[in-house]
Protein chains: 2
Amino acid sequence: MRKKLTQRQLEILNFIEEFVEEYNYPPTYRQIGEKFNIASTFGVKRHIDALVKKGYLTTESNSSRSIAVKGQKRNGDCKENSTVSIPLIGRVAAGYPVLAEENIEGQFNIDSALLNNNTNLFGLKVRGDSMINSGIFDGDLVIVKSQNYCNNGDIIVALVEDESTLKRYVKKGRKTFLMPENPDFEPIDVTKNKNFHIVGKVIAVYRSFN
Amino acid sequence: MRKKLTQRQLEILNFIEEFVEEYNYPPTYRQIGEKFNIASTFGVKRHIDALVKKGYLTTESNSSRSIAVKGQKRNGDCKENSTVSIPLIGRVAAGYPVLAEENIEGQFNIDSALLNNNTNLFGLKVRGDSMINSGIFDGDLVIVKSQNYCNNGDIIVALVEDESTLKRYVKKGRKTFLMPENPDFEPIDVTKNKNFHIVGKVIAVYRSFN
DNA sequence: TGACAAAGTGTACAAAAGTTCACTATATTT
DNA sequence: AAATATAGTGAACTTTTGTACACTTTGTCA
């Protein structure tokens, strides 16, 4: 295990990484000093020496711009084999297969390790707040496994009266409900509803904060 | 279309790329000359100038080791379908760079379209319920942009008293708080806390339902 | 309180690295 | 054969950059 860094050393290490990222070559001592308002190159040098001693950097003595970050991963391998491409569905319309070409608005890639070996997936933008207590918000992207059955307790995409909806599928005694996870919404009893169809099971949510 | 290169220019361009690959910083004119038995740095310089003129390199005048190969940004690797590889961090420890090799427990791919052009990202498994009202649950995967600053209202990963925490960064008047999004937790006043550091800003959450 | 470590200053200096110029050599083209 | 582009030499010079030292400041900890 490498030694701990001081706050200053951490900041400087960060700066060097960012600098290299941007320019493809490392900064000079003076450039580092400029960034942190360290007037003397000696002050900078001591930080660099400390970082070298602790094993985070390497330098070549008397050589300009020879700072190199140790143990930096080149983004070399991208194991593309493990990436899956998923269609993004615009809307779930009654009477059409979800994955019909007309419905596909795009395609996105995601690591299969995040999908628990599921197949037949599609992405869907969430509309509405009915599932906020499950951490599914308006605008989120849900990843859905296309299937016409599900287990008690699954969160599903369903068609009820030709309207698509996102709810939790719950069996209580002899009745079946689509339960919202938001006190402002009412459960939907679909026990005897002939116009109720399961479209798929939600296996993941993705939300990006702008 | 860029201009054709002479044999010599091609060799030198290749050498520069190899050198950078090996040392993480570019060679000096003298180092290039040494490699090709060019005794005069002027001979080397003319090749470099030609390569710059033809658009294959950039340099900073009067600046040492400032040769950068054009159109060879490191991130840009893995452009296949614009998928980005993100390191999965085991823990955020005080006094160590987050992205230190020791902390990287894995790597996962995700479509860059889902990341809003962010860079310097890492993934982190959430521990604790302090942000449930923002739809971030225990066990979720958050994607974090490594940065030491943030805006009012951002959800951030921070170190407070050497403990890592996930909170919303809020400025109220002259005070700064880390606000949980769970009534069971108390806000943390970090206004005068010297042992408070921003690690990064949460840009996305991913949760899979098993 | 006093010792110690981390951090910063200012100056000076030496080594490294980029710049310039006049000149030569060898192909290729006109 | 003359003109031109590419390539190389050697020396001199300027700027950049790393190194060194003595001294100050600040915070921590025993």
Side-chain angles (χ1 to χ4, degrees), chain A residues 2-16 19-20 23-68, chain B residues 2-16 19-20 23-69 94-97 148 161-162 192-197:
Chain A
R2 295 186 284 191
K3 277 194 182 172
K4 255 191 165 181
L5 299 179
T6 68
Q7 182 56 26
R8 207 57 166 157
Q9 289 162 4
L10 213 65
E11 284 170 15
I12 289 175
L13 179 58
N14 260 325
F15 171 69
I16 293 170
F19 191 103
V20 172
Y23 296 100
N24 280 318
Y25 51 82
T28 63
Y29 288 2
R30 279 167 184 83
Q31 286 174 322
I32 296 171
E34 213 169 304
K35 166 77 182 183
F36 293 98
N37 289 313
I38 302 173
S40 171
T41 53
F42 184 62
V44 176
K45 179 175 168 53
R46 217 177 8 208
H47 285 129
I48 301 300
D49 287 349
L51 282 161
V52 169
K53 200 171 177 186
K54 291 182 180 177
Y56 293 85
L57 296 177
T58 59
T59 55
E60 213 51 52
S61 67
N62 286 318
S63 189
S64 73
R65 291 189 202 270
S66 60
I67 299 171
Chain B
R2 296 187 284 194
K3 278 192 184 174
K4 250 192 165 180
L5 297 180
T6 68
Q7 181 57 28
R8 206 57 165 159
Q9 288 163 3
L10 204 68
E11 283 171 15
I12 289 176
L13 180 58
N14 265 326
F15 171 68
I16 292 170
F19 192 102
V20 172
Y23 295 100
N24 280 319
Y25 50 83
T28 64
Y29 289 0
R30 281 168 182 82
Q31 286 174 321
I32 296 170
E34 212 169 304
K35 166 77 181 185
F36 293 99
N37 290 314
I38 302 173
S40 171
T41 52
F42 183 60
V44 176
K45 180 175 167 52
R46 215 171 17 203
H47 285 128
I48 302 299
D49 287 348
L51 281 161
V52 169
K53 200 171 178 185
K54 291 183 180 176
Y56 292 84
L57 296 178
T58 59
T59 56
E60 214 48 55
S61 67
N62 284 319
S63 189
S64 74
R65 291 191 203 270
S66 61
I67 300 172
V69 180
Y96 294 94
N148 58 12
E161 313 295 348
D162 293 358
K192 291 175 187 167
N193 194 324
K194 286 217 161 185
N195 213 338
F196 159 67
H197 304 290

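Proteins get letters first, then strands, A, B, ... in listed order; numbering begins at 1 in each.
Nearest-nucleotide mapping onto DNA chain C: of B:Ser64 and B:Ser40, the residue sitting toward the 5' end is B:Ser64. Take the nearest nucleotide of DNA chain D for A:Thr41 and for B:Ala39: the residue whose nucleotide is more 5' is B:Ala39. When each of B:Arg30 and A:Thr28 is assigned the nucleotide of DNA chain D bearing its nearest heavy atom, the one mapping closer to the 5' terminus is B:Arg30.
D:dA5 atom P lies 18 Å from atom NZ of B:Lys4, rounded to whole Å. Separating the CG atom of B:Asn195 from the P atom of D:dG27 is a distance of 15 Å, rounded to the nearest angstrom. Going from atom CD1 of B:Ile48 over to atom P of C:dG18 covers 9 Å, rounded to whole Å. Following rounding to the nearest Å, B:Glu11 (CD) and D:dG8 (C1') show an atom-to-atom distance of 14 Å. With rounding to whole Å, A:Ile38 atom CD1 is found 15 Å from C:dA6 atom P. Atom C1' of nucleotide C:dT9 and atom CG of A:Asn37 are separated by 13 Å, given to the nearest angstrom. The nearest whole Å value for the distance from the CG atom in B:Leu10 to the P atom in D:dT6 is 15 Å. Counting to the nearest Å, the P atom of D:dT19 and the CD1 atom of A:Ile32 are 12 Å from each other.
Each end of the helix from C:dT1-D:dA30 to C:dT30-D:dA1 gets its own axis, taken as the rotation carrying the C1' atoms of four end pairs onto the next four within a five-pair window, and the two axes meet at 30° to the nearest 10 degrees.
Aromatic ring centroids of B:Tyr29 and B:Phe42 lie 6.0 Å or more apart.
Residue B:Arg46 is classed as a base contact, given a heavy-atom separation below 4.0 Å to a base. Among the heavy atoms of the strands lying under 4.0 Å from B:Arg8 are primed sugar atoms or P, OP1, OP2 only; no base atom is included. Backbone-only engagement by A:Thr6 is indicated by non-hydrogen atom pairs under 4.0 Å involving sugar-phosphate atoms exclusively.
Using a 4.5 Å cut-off on side-chain heavy atoms (C-beta onward), B:Phe36 and B:Arg8 make contact. Two residues are said to be in side-chain contact when any heavy atoms from C-beta on lie closer than 4.5 Å; B:Ile12 and B:Leu51 meet this criterion. Looking at B:Ile32 and B:Ile38, their side chains never come closer than 4.5 Å, going by heavy atoms from C-beta outward.
Not one side-chain nitrogen or oxygen of A:Gln31 sits closer than 4.0 Å to the OP1 or OP2 atom of D:dT17. Side-chain nitrogen and oxygen atoms of B:Lys45 include at least one within less than 4.0 Å of the OP1 or OP2 phosphate oxygen of C:dT19. For D:dT6, the OP1/OP2 oxygens have no side-chain nitrogen or oxygen of B:Gln7 closer than 4.0 Å. Distances shown here put a side-chain N or O of B:Tyr29 below 4.0 Å from the OP1 or OP2 atom of C:dT19.
The aromatic rings of B:Phe15 and B:Phe19 lie perpendicular to each other, with more than 60° between the two planes, well past the 30° mark.
Side-chain proximity of B:His47 to C:dT9, D:dT17, D:dA7: nearest is D:dA7. Checking C:dT20, D:dG8, D:dA20 against every side-chain atom of A:Phe42, the shortest atom distance belongs to D:dA20. In this structure, the nucleotide among C:dT20, C:dA17, C:dG10 sitting nearest to the side chain of A:Ser63 is C:dA17. Of the candidate nucleotides D:dT19, D:dT16, D:dA20, D:dT16 has the atom nearest to the side chain of B:Asn62.
For A:Tyr56 (side chain) and A:Lys3 (main-chain N/O), a donor-acceptor pair under 3.5 Å exists by modelled atom type.
For A:Arg2 and B:Tyr96, the positive end is not near the middle of the six-membered ring at less than 6.0 Å and at most 45° from its axis.
Within a 6.0 Å sphere centred on NZ of A:Lys54, heavy atoms belonging to other residues, nucleotides or ligands number more than 12.
Side chain A:Ser61 to base D:dT19: no donor-acceptor pair is found below 3.5 Å.
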